[in-house]
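Below: one structure, written as structure tokens.
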Amino acid sequence: YRTKVLFDTNQLLQKAETDKAILNTLISQIQKLLGKHIIIYPVQHGTLGTPILSPDPASAEKSEFLTCPREREVALWVLAHNKRAGAYTDTFPDALCHYLAIRVQNAVYGVAGMEAGEHPMDSFEYSVLVSILGEGALAMENRQNIREKEQAALLMEKERLRANLLRTISHDLRTPLTSIIGYLELLSSGPAISQEMQKKYIDIAYVKAKRL
């Protein structure tokens with residue numbers, strides 16, 4: 001059953017298209033694995049965002065306990081140190097949950113808290129849990145890579161449009177300026193040009209300058 005939960009997690013994460021969908025999948029699958037309350041804090045701008053809890057309408061009071069400042073302090077410690085803490089550990093052992101980072105090496109994408117029971121998880125259960133969180137972290141990392149590629153493509157498109165715009169403006173400026181300079185050079189040639197032609201050249205230069 002535990003192995004199937006892990007396999008199903010992989011399949012479901014491939015279908016998740018947002019970070020929130022990934023975290024909701026993790027909560028659902030971990031709850032199936034452990035049968036306990038789960039809380040996950042997404043990491044946003046280097047700190048913990050609004051927590052997501054496993055759905056359980058009958059336990060609103062339990063939700064309040066899991067989101068209390070003391071529990072959040074444990075989750076913040078996990079984020080800062082990239083290590084597990086809370087129940088069953090030497091760090092904040094009186095916490096209501098056992099907290100683990102959702103991470104890929106040093107990149108932490110969230111902190112998951114699993115409600116503590118009377119006994120710690122056995123080694124196989126714990127390894128499946130860690131694998132599920134690892135799959136979730138990889139999915140979030142892939143989502144981030146996709147976003148970065150999309151942003152890079154958008155910047156390249158903006159730069160291309162900017163370059164095209166500058167080329168167009170440069171051409172639109174250069175053509176009338178060249179004409180104005182040409183007519184001014186003719187006017188500077190002296191009295192060889194009749195007053196009628198001088199007026200004509202001045203009028204043309206004026207029209208082109210006004211266009212600019």
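Residues K15 and T25 are not in side-chain contact: their nearest non-hydrogen atoms beyond the backbone lie 4.5 Å or more apart. For the pair E115 and L96, the minimum side-chain heavy-atom distance is 4.5 Å or more. Side-chain contact between T3 and V128 is absent, with no heavy-atom pair separated by less than 4.5 Å. Looking at heavy atoms from C-beta onward, E71 lies in side-chain contact with Y99 at the 4.5 angstrom threshold. Side-chain contact between I132 and L6 is present, with at least one heavy-atom pair separated by less than 4.5 Å. Here the side chains of E125 and L34 are in contact, with some heavy-atom distance below 4.5 Å. Residues C97 and L66 meet the side-chain proximity criterion, which asks for heavy atoms closer than 4.5 Å. Inter-residue side-chain proximity for L26 and M140 is flagged as unmet; no heavy-atom pair is nearer than 4.5 Å.
At least one donor-acceptor pair under 3.5 Å links the side chain of N82 to the backbone N or O of Q105. Of the possible polar contacts, one joining the R72 side chain to the L48 backbone as a donor-acceptor pair under 3.5 Å is found. Panel note: side chain Y1, backbone L33; no donor-acceptor pair is recorded below 3.5 Å. Of the possible donor and acceptor atoms, one in the side chain of T9 sits under 3.5 Å from a partner among the backbone N and O of V5. With S54 contributing its side chain and I38 its backbone, the two residues share a donor-acceptor pair below 3.5 Å.
In terms of heavy atoms, G117 sits closest to Y88 at N-OH, 2.7 Å. Of all heavy-atom pairs spanning G86 and A95, the tightest one is CA-CB, 3.8 Å. Pairing each heavy atom of I180 with each of A209, the nearest pair is CD1-N, 3.5 Å. Residues A112 and I40 come closest through the heavy atom pair CB-CG1, 3.8 Å. When every heavy atom of P51 is checked against every heavy atom of T67, the shortest pair comes out as CG-CG2, 4.0 Å. In this structure, P42 and T50 approach most closely via the heavy-atom pair CD-O, 3.2 Å.
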Test side-chain contact (heavy atoms from CB on, under 4.5 Å) applied to K199 and E196, step by step
CA-CA 5 Å; K199 183 178 183 307; E196 181 181 353; 6.0 Å; no

With side-chain contact (heavy atoms from CB on, under 4.5 Å) as the criterion, how do V74 and T91 come out once you've worked through the C-alpha distance, each side chain's angles and the decisive distance to 0.1 Å?
CA-CA 8 Å; V74 184; T91 308; over 6 Å; no

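Hydrophobic clustering, with ILVMFWY side chains joined whenever heavy atoms are under 4.5 angstrom apart, groups L184 together with M197. No path of Ile, Leu, Val, Met, Phe, Trp and Tyr side chains, each step under 4.5 Å between heavy atoms, connects I181 with Y206, placing them in separate hydrophobic clusters. Linking ILVMFWY residues whenever their side-chain heavy atoms come closer than 4.5 Å, directly or via other members, leaves V78 and M121 in distinct clusters. Under a hydrophobic clustering in which Ile, Leu, Val, Met, Phe, Trp and Tyr are joined whenever their side-chain heavy atoms come within less than 4.5 Å, directly or via other members, L79 and V104 fall into different clusters. No continuous path of hydrophobic side-chain contacts links F65 to I27 [ILVMFWY only; heavy atoms under 4.5 Å].
More than 12 heavy atoms of other shown residues, nucleotides or ligands fall within 6.0 angstrom of atom CZ in F124. Summarising the local packing, CD of E17 is surrounded by 12 or fewer heavy atoms from other residues, nucleotides or ligands at distances under 6.0 Å.
From Y109, atom OH reaches atom CG of L133 across 14.5 Å, with rounding to the nearest 0.5 Å. A distance of 7.0 Å separates NZ of K32 from NZ of K4, quoted to the nearest 0.5 Å. Annotation: the span from N145 atom CG to E148 atom CD amounts to 5.5 Å, rounded to 0.5 Å. One finds the CD1 atom of I52 at 4.5 Å from the CG atom of L23 (value rounded to the nearest 0.5 Å). A distance of 10.5 Å separates CG in N10 from CD in Q29, rounded to the nearest 0.5 Å. Atom OG of S127 is separated from atom CZ of R2 by 8.5 Å, given to the nearest 0.5 angstrom.
Using a cutoff of 4.0 Å between basic side-chain nitrogens and carboxylate oxygens, E159 and R162 are scored as salt-bridged. We find that E150 and R147 are not joined by a salt bridge, their nearest charged nitrogen and carboxylate oxygen being 4.0 Å or further apart.
Here ring-ring contact (aromatic ring centres under 6.0 Å, His included) pairs that include residues 125-149, with residues two or more places apart or in two chains, are H98-Y126.
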